[in-house]
Protein chains: 2
Amino acid sequence: MKKKTTIYDIAAKLGLTAATVSRALNDNPKISKNTRQLVLDTAMEMNYEQNKVALALKSGKSYNVGVIVPRIDSNFFSSVIRGIEEELHPKGYHVIICQTNNQENIEIEKINSLLNVQVDGILMSISNANLEDNMGFNKLIRSKRTPLIFFDRKKDLKGVSSVTIDDFKGGYDATKHLIDQGCKRIAHLSNDRQFEIFNNRFLGYKQALLDNGIEFDESLVIETMSKVVEGRKSARALLDMDRPPDAIFSSSDFAALGALQEIKESGLEIPEDICIVGFSNEPFTKFMELTTISSVDQFPMEMGKVAAQVFLEEVSNTQDTKISKNIVLTPELIVRKSSLKHKER
Amino acid sequence: MKKKTTIYDIAAKLGLTAATVSRALNDNPKISKNTRQLVLDTAMEMNYEQNKVALALKSGKSYNVGVIVPRIDSNFFSSVIRGIEEELHPKGYHVIICQTNNQENIEIEKINSLLNVQVDGILMSISNANLEDNMGFNKLIRSKRTPLIFFDRKKDLKGVSSVTIDDFKGGYDATKHLIDQGCKRIAHLSNDRQFEIFNNRFLGYKQALLDNGIEFDESLVIETMSKVVEGRKSARALLDMDRPPDAIFSSSDFAALGALQEIKESGLEIPEDICIVGFSNEPFTKFMELTTISSVDQFPMEMGKVAAQVFLEEVSNTQDTKISKNIVLTPELIVRKSSLKHKER
DNA sequence: CTGTTAGCGCTTTCAT
DNA sequence: ATGAAAGCGCTAACAG
């Protein structure tokens, strides 16, 4: 249990003072080459390591950023976090992760918990889409010291930056593609539309229909959680309709998979009878043996990196004028077998 | 940019001293009910929040733990981290994540980087299986202050705890299952056997063969990275043999998938001609449409929770006698279509 | 170029 | 029951 060596230890050993040692260690110009080298050498020799906690207390910067996500064990979120970590670590930051399990109260608790440990910023994807209660957020924003950056699931709050993808375009492109395949009756597995992302995918879907002379039919839109079983249920409901759809655009790959399974088991063929497009480009969509699933790639790692960059800009911005930016990345439709009726090219 | 309120602020407002305020806030017995309540009220009123950084400096405990993994965007590691976070957050700890990208030099850098920020412990899965250079680790252990816990990919270092699964059993069970299916010539897609986990899976495989009167054939063991394309290559090599195998036990689900694809494309049937068992129970293994892939579940979330518990024990252990434990969890073979020749039950 | 001093916010003896 | 003071390790303003 030996103590760590501090600058005082090395100062004592050299008959110097802590301040001088500190200067030497920090390449302060006002110091002689000799003493600097001397300090550096003995620091090395004594296995000195800077105590970042003391530094954090002194400077008010912890060089920690918090990342809050619903859960980390999803391909999307873990990829975003990978991007964040890769971007931030080289700049000296550490990444603290928090999960909310999609519970609003926990979300607030974790925000406060991160603020308490003096993180230099918080990057998050919200769990609570309810626009009314923004206690935690407002506190964060009022404090004016800790940058907040939303990624993917954001709230529209003035002065808060965000990095998202163009979900409208994602939904639009997916739907347009289905229309181009000759589909006329396109269903949509939506999700809680209190979240902008799901609402925008829905709106993109709707707009693509309208732009192409297809009537929007509310009964073809089913709110479906992002789970395989839920996708099955919704597909069942669609199949049981008097006039079942000839295509499904799902806002989730998992729901898309469930739909695919249910449809195949009912004896129908994909894409011949029903085309399917999912969302997120989950790894399994391209691993399917027979019917790889078309999906919309959100470039999660890229999203993480960009969010990290926005954070870096905001912390380095010393001026009072807080500039917030809303960056929108462009998604990409990946066409696979589940929606490719006519073999092109 | 208003400053945060400190105990001095509330002390000043109340005509008290910081010490008293501190005591009140910490439920110190020697304080009058009145002043305690008074302090608590004004603390609330002034939006006081304890500065954990100052506390960390004072106490030497940061209430941060570091987690180091090769990469976070894999189902296995992100699930482990989920377990860790869920277990540790309620106890007041924050989880800092670091990725090594499997690079040994980065691994050491990140260890040091975490030690520098005074984490209370490090939970890690190693990237560097080389037993010779243990600089970073030795430093960590010598320091005697920061508990180190390995999970999954560990090193055998005295005094260091670990949480792993019984990879030998995983390999053994998988292979035994293949033998029970009537397979006689069982190949193994291994991986870098410098890592205990891969070596143990291999040893389990080998032992199962021996225990069942099947000769071990070195030529049926191919070192294969955990990637779909690599699995394809290895399968190709196996198919090109004079006497191809009738089963493959892969230490990776991704390689297993590649093998499955290559085999199917060559016109052979699974499981009729060749049985396949993977390892890790990746989500996609059960999502396959035709041939769901048998695999060995490692219970990653559980592993994370247990590793977190071991850490908690170690930090709370104030005695000099450092007790290290090596916990081995039991994996579970999940039999699916890729290896189920004879329809049982 | 180097030393002195103060302070970041909190806890904790030691007095009173 | 409360105050005074020291200290965790570091940096920075001010002297010299």
Side-chain angles (χ1 to χ4, degrees), chain A residues 1-40 42-43 46-64 92 115-120 143 145, chain B residues 1-40 42-43 46-64 92 115-120 143 145:
Chain A
M1 190 73 92
K2 68 171 168 245
K3 295 254 319 3
K4 299 197 68 165
T5 69
T6 73
I7 52 174
Y8 287 97
D9 299 330
I10 111 168
K13 180 157 187 173
L14 262 41
L16 289 174
T17 177
T20 310
V21 174
S22 172
R23 280 187 274 255
L25 260 18
N26 291 294
D27 281 336
N28 188 303
K30 5 184 72 180
I31 200 164
S32 77
K33 258 184 157 358
N34 292 330
T35 42
R36 166 182 296 100
Q37 197 53 51
L38 195 59
V39 168
L40 257 38
T42 45
M46 298 175 76
N47 284 311
Y48 169 75
E49 272 158 22
Q50 190 186 44
N51 183 327
K52 304 277 187 181
V53 174
L55 184 56
L57 176 59
K58 176 70 181 165
S59 68
K61 292 203 54 171
S62 68
Y63 275 94
N64 283 152
L115 288 176
N116 266 349
V117 297
Q118 320 286 114
V119 290
D120 294 346
S143 78
R145 322 162 91 258
Chain B
M1 189 72 95
K2 65 169 168 248
K3 295 252 322 2
K4 298 197 67 163
T5 69
T6 72
I7 52 174
Y8 287 98
D9 299 330
I10 109 169
K13 179 157 189 174
L14 262 43
L16 289 174
T17 178
T20 311
V21 174
S22 172
R23 280 187 275 254
L25 260 20
N26 292 294
D27 281 337
N28 188 304
K30 10 184 68 181
I31 198 163
S32 76
K33 259 185 156 359
N34 292 330
T35 41
R36 160 170 315 93
Q37 198 52 50
L38 196 58
V39 168
L40 257 38
T42 45
M46 297 176 78
N47 284 310
Y48 169 77
E49 272 158 21
Q50 191 186 44
N51 182 329
K52 303 277 186 180
V53 174
L55 184 55
L57 177 59
K58 178 71 182 167
S59 68
K61 292 204 54 172
S62 68
Y63 275 94
N64 283 152
L115 288 176
N116 267 349
V117 298
Q118 320 286 113
V119 290
D120 293 347
S143 79
R145 322 163 88 257

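Chain naming here is simple, since letters A, B, ... match the order of the sequence lines and numbering starts at 1 in each.
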* Mapping B/Pro29 and B/Ala54 to their closest nucleotides on DNA chain D, which lands nearer the 5' end? -> B/Pro29

* Asked: Between the main-chain N or O of B/Gln118 and the side-chain N or O of B/Ser62, is there a donor-acceptor pair closer than 3.5 Å?
  -> yes

* Length of the line joining B/Leu14:CG and D/dT2:P, which is rounded to integer Å -> 11 Å

* Structure fact -> Ranking C/dT11, D/dC10, C/dG9 by distance to the side chain of B/Asn51, first place goes to C/dG9

* Measure from CD on B/Gln37 to C1' on D/dA1 and round the result to the nearest Å. => 16 Å

* Asked: Atom CG of A/Leu57 to atom C1' of C/dC10: distance rounded to whole Å?
  -> 8 Å

* Asked: Separation of A/Tyr48 atom OH from D/dC10 atom P, in whole Å?
  -> 4 Å

* Structure fact -> Assign each of B/Lys30 and A/Thr20 the nucleotide of DNA chain D bearing its closest heavy atom; nearer the 5' end lies the nucleotide of B/Lys30

* **B/Gln118 vs D/dG9: side-chain N/O to OP1/OP2 distance below 4.0 Å** => no

* Structure fact -> Against the side chain of B/Ser22, the closest entry in D/dT11, D/dT2, C/dT12 is C/dT12

* A/Thr35 or B/Ile7: which one's nearest nucleotide on DNA chain C is closer to the 5' end? -> A/Thr35

* To do: Give a yes or no answer on whether the side chain of B/Thr20 reaches the backbone of B/Leu16 with a donor-acceptor pair at less than 3.5 Å.
  => no

* Between D/dC10, D/dT2, D/dC14, which nucleotide gets closest to the side-chain atoms of A/Arg23? -> D/dC14

* To do: Consider the side chain of A/Leu16, meaning its heavy atoms from C-beta on, and name the nucleotide among D/dT11, C/dC1, C/dG3 that approaches it most closely.
  => C/dG3

* Asked: Does A/Tyr63 offer a backbone N or O that forms a donor-acceptor pair with the side chain of A/Asp120 under 3.5 Å?
  -> yes

* To do: Assign B/Leu55 to base, sugar-phosphate, or nothing according to its heavy-atom contacts below 4.0 angstrom with the strands shown.
  => sugar-phosphate

* What integer distance in Å separates B/Glu49:CD from C/dC10:P? -> 11 Å

* To do: From the options C/dT11, C/dT2, D/dA4, select the nucleotide whose nearest atom is closest to the side chain of A/Ser32.
  => C/dT2

* Could you tell me whether a side-chain N or O of A/Asn26 sits under 3.5 Å from a main-chain N or O of A/Asn28, the two making a donor and an acceptor? => no

* Return the value, rounded to whole Å, for the distance between atom CG of B/Asn28 and atom P of C/dT12. => 9 Å

* Write down the distance between CG (A/Asn26) and P (D/dA12), rounded to a whole number of angstrom. => 7 Å

* Tell me which nucleotide among C/dT2, C/dT12, D/dG9 gets nearest to the side chain of A/Lys58. => D/dG9

* NZ/NE/NH1/NH2 to OD/OE distance under 4.0 Å, B/Lys4 and B/Asp9 -> no

* Structure fact -> When rounded to whole Å, the CD1 to C1' distance for the pair B/Ile10 and C/dC10 reads 13 Å

* Of the nucleotides C/dG9, C/dT2, D/dT11, which has the atom closest to the B/Thr6 side chain? -> C/dG9

* Donor-acceptor pair, side chain of A/Ser22 and main chain of A/Ala18, under 3.5 angstrom -> no

* Asked: Below 4.0 angstrom from OP1 or OP2 of D/dG3, is there any side-chain N or O of B/Tyr8?
  -> no

